[in-house]
J.: 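My structure is below; once you've seen it, I'll send some questions.
Atoms considered below: every heavy atom in the structure, side chains included; atoms not considered: hydrogens, waters and symmetry mates. Each chain gets a letter, A, B and so on, in the order its sequence line appears, and its residues count up from 1. These numbers come from a predicted model, not from an experiment.
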Number of protein chains: 2
Amino acid sequence: MKSIVKDLTHERILNAAESLFALHGYDGATMRQITEKAAVNLSAVNYHFDTKEKLYAETFTRIIRPLNAERLTILTQAELLAGDHPVPLPAILESFIRPTFMLAAGRPQFLALMSRNFSAPPPFMREIMAAEFSAISQRYIRALQHALPGVPPMELFWRMFYTVGALLFTAAHRETMALLSHGAIQSPDTESIIRRLVDYASAAMCAPRREPAMS
Amino acid sequence: MKSIVKDLTHERILNAAESLFALHGYDGATMRQITEKAAVNLSAVNYHFDTKEKLYAETFTRIIRPLNAERLTILTQAELLAGDHPVPLPAILESFIRPTFMLAAGRPQFLALMSRNFSAPPPFMREIMAAEFSAISQRYIRALQHALPGVPPMELFWRMFYTVGALLFTAAHRETMALLSHGAIQSPDTESIIRRLVDYASAAMCAPRREPAMS
DNA sequence: GTCTATATCATGATAGAC
DNA sequence: GTCTATCATGATATAGAC
């Protein structure tokens with residue numbers, strides 16, 4: 001069928017784009033590189049995606065939508081399991097963190113693209129990002145409020161933001177860590193990474209608020 | 001004197017480059033934009049910095065060297081003050097975090113350039129980054145080991161890395177936060193930001209290591 | 001739907017007058 | 001040291017044959 005052929009080219013381009021945008025960023029990756037890697041014609045990008053900007057947007061939403069959907073699925077399961085009780089804090093955080101590494105399995109540039117797009121999103125992505133994350137951020141804040149009623153909501157918001165920063169930064173820097181640690185750290189297994197991040201964030205989320213220090 | 005004139009042009013270019021690299025990244029900022037903003041001739045970049053890559057490297061080292069120097073100064077003061085005792089954990093973290101925001105005062109793109117360069121450094125920056133951070137990372141790990149003898153050094157290394165991620169991510173996203181929080185969060189004052197981050201990281205650094213869960 | 005060929009423009013860098 | 005003018009290259013996007 002024709003649609004199958006179309007879908008193949010479409011996907012080949014998206015796969016190549018994912019890897020090259022992750023490696024070189026929006027401005028750094030050229031359509032020539034992408035179409036060469038995808039082994040399709042240069043014009044295929046414009047035919048299937050119209051512009052480079054739209055190609056980038058689709059490349060990113062293709063990874064972020066299933067990720068956020070999976071997060072909400074696991075969080076909802078945990079809420080059903082907890083019944084009237086709040087979901088335990090580590091379970092909330094793990095529902096956010098674990099899917100990141102699960103969906104990244106076998107896609108070496110998945111995490112790099114995520115991190116890059118959050119830390120330095122091309123300007124045309126601002127609206128798209130806000131749309132993709134508006135719902136999920138509210139869901140998580142509510143779950144956190146139930147789990148930690150003693151912490152002010154605004155504080156929870158900040159801390160969740162810090163946690164996302166820690167997650168993305170680490171995700172994109174496994175090699176850097178090996179470098180700075182002089183070989184003490186080599187890319188550990190996924191379960192260790194998840195456990196470490198959940199432990200870190202769980203402790204951090206319920207930090208006491210320090211009183212302003214005297215001089 | 002001629003050297004004064006040279007230094008003026010030199011600095012005008014660096015200032016313009018700092019702001020434009022922060023906003024658009026290495027590939028996104030063009031030499032024409034930079035020289036236009038600096039109100040100097042296009043060729044001045046090549047004359048003073050040879051290539052665009054060297055201009056970027058100088059732009060970044062100009063902000064990172066005083067920053068890391070200030071961090072070490074404050075940490076050393078704290079160590080002298082502590083004598084034979086370990087420096088308290090919050091003091092260690094604050095010596096790392098505070099200079100970031102102090103040196104950023106009055107330079108709106110300082111933090112954005114920092115964040116961007118760490119999350120998506122141009123490939124030619126890898127060596128330079130490693131050189132600039134090798135010494136300071138070892139100094140901080142040692143201080144953390146003294147303050148938290150019960151936490152394995154490798155765990156400390158990871159957690160410090162998470163903390164840097166939280167710091168940089170937040171630094172570059174004050175506007176994003178205001179957006180996602182639906183106006184609940186508006187750029188707070190520097191002291192609040194520092195306190196919040198230090199509280200968060202202090203609790204996280206001494207997190208207990210959770211036992212692997214049973215199924 | 002896919003290709004070749006090309007239009008149009010912006011890029012980094014350089015040559016050479018002053 | 002600073003300018004103008006320009007080069008060679010590579011960018012995105014499009015027109016039109018097949």
J.: Check the distance between C/dA10's P and A/Lys52's NZ and give it to me in whole angstrom.
T.: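 From A/Lys52 NZ to C/dA10 P: 15 Å.
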J.: Okay, side chain of B/Ser202, backbone of B/Asp199: is any donor-acceptor separation there less than 3.5 Å?
T.: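 Checked: no pair found.
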J.: Indicate whether OP1 or OP2 belonging to D/dT2 is found under 4.0 Å from a side-chain N or O atom of B/Thr9.
T.: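 For B/Thr9, the contact criterion (side-chain N or O under 4.0 Å from OP1 or OP2 of D/dT2) is met.
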J.: May I have the distance from A/Ile13 (atom CD1) to C/dG1 (atom C1'), rounded to whole angstrom?
T.: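 After rounding, the gap between these two atoms is 11 Å.
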J.: Is the B/Phe161 ring parallel, tilted or perpendicular to the A/Phe169 ring (thresholds 30°, 60°)?
T.: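 B/Phe161 vs A/Phe169 ring planes: tilted.
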J.: Give the ring-plane orientation class for B/Trp158 versus B/Tyr162, where under 30° counts as parallel, over 60° as perpendicular and anything between as tilted.
T.: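 Ring orientation of B/Trp158 relative to B/Tyr162: tilted.
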J.: Whole Å only: how far is the CE atom of A/Met31 from the P atom of D/dG10?
T.: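 Value for this atom pair: 17 Å.
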J.: Under a 4.0 Å threshold between the charged nitrogen and the carboxylate oxygen, would A/Arg195 count as salt-bridged to A/Glu94?
T.: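 Judged by the 4.0 Å cut-off on N to carboxylate O distance, A/Glu94 and A/Arg195 do not form a salt bridge.
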J.: Respond yes when some side-chain nitrogen or oxygen of A/His10 is under 4.0 Å from OP1 or OP2 of C/dG1, and no when none is.
T.: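 No, A/His10 has no side-chain N/O under 4.0 Å of OP1/OP2 on C/dG1.
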J.: Taking atom C1' of D/dG1 as reference, at what distance in whole Å does atom NE2 of B/His48 sit?
T.: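 From B/His48 NE2 to D/dG1 C1': 7 Å.
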J.: Check the distance between D/dT12's P and A/Leu20's CG and give it to me in whole angstrom.
T.: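 It is 12 Å, rounded to the nearest whole Å.
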J.: Testing the 3.5 Å rule here: is there a donor-acceptor pair between the side chains of A/Arg98 and A/Thr190?
T.: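 No, no side-chain donor-acceptor contact under 3.5 Å.
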J.: Distances under 3.5 Å only, N/O to N/O: pair up the protein atoms with those of nucleotides 14-16 of chain D.
T.:
from	atom 1	to	atom 2	distance (Å)
D/dT14	O4	A/Ser43	OG	2.9

J.: Just how far, in rounded Å, is P of D/dA13 from CD1 of A/Ile34?
T.: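 Spelled out: CD1 on A/Ile34 to P on D/dA13 is 11 Å.
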J.: Distance check needed: C/dG1 C1' versus A/Phe49 CZ, whole Å only.
T.: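 Taking atom C1' of C/dG1 as the reference, CZ of A/Phe49 is at 14 Å.
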J.: A/Glu36 CD to D/dA11 P: how many Å, rounded?
T.: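 Rounded to whole Å, this separation is 10 Å.
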J.: Which is it for A/Arg12 and A/Asn15 under the side chain to side chain donor-acceptor pair (under 3.5 Å) test, yes or no, and what are the steps along the way?
T.: CA-CA 5 Å; A/Arg12 293 173 67 84; A/Asn15 290 337; over 6 Å; no
J.: Would you kindly check whether a donor in the side chain of A/Arg32 faces an acceptor in the base of D/dA11, or vice versa, at under 3.5 angstrom?
T.: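 Side chain to base: pair found, below 3.5 Å.
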J.: Salt bridge or not for A/Arg196 and A/Glu191, using N-O below 4.0 Å?
T.: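 Salt bridge absent between A/Arg196 and A/Glu191.
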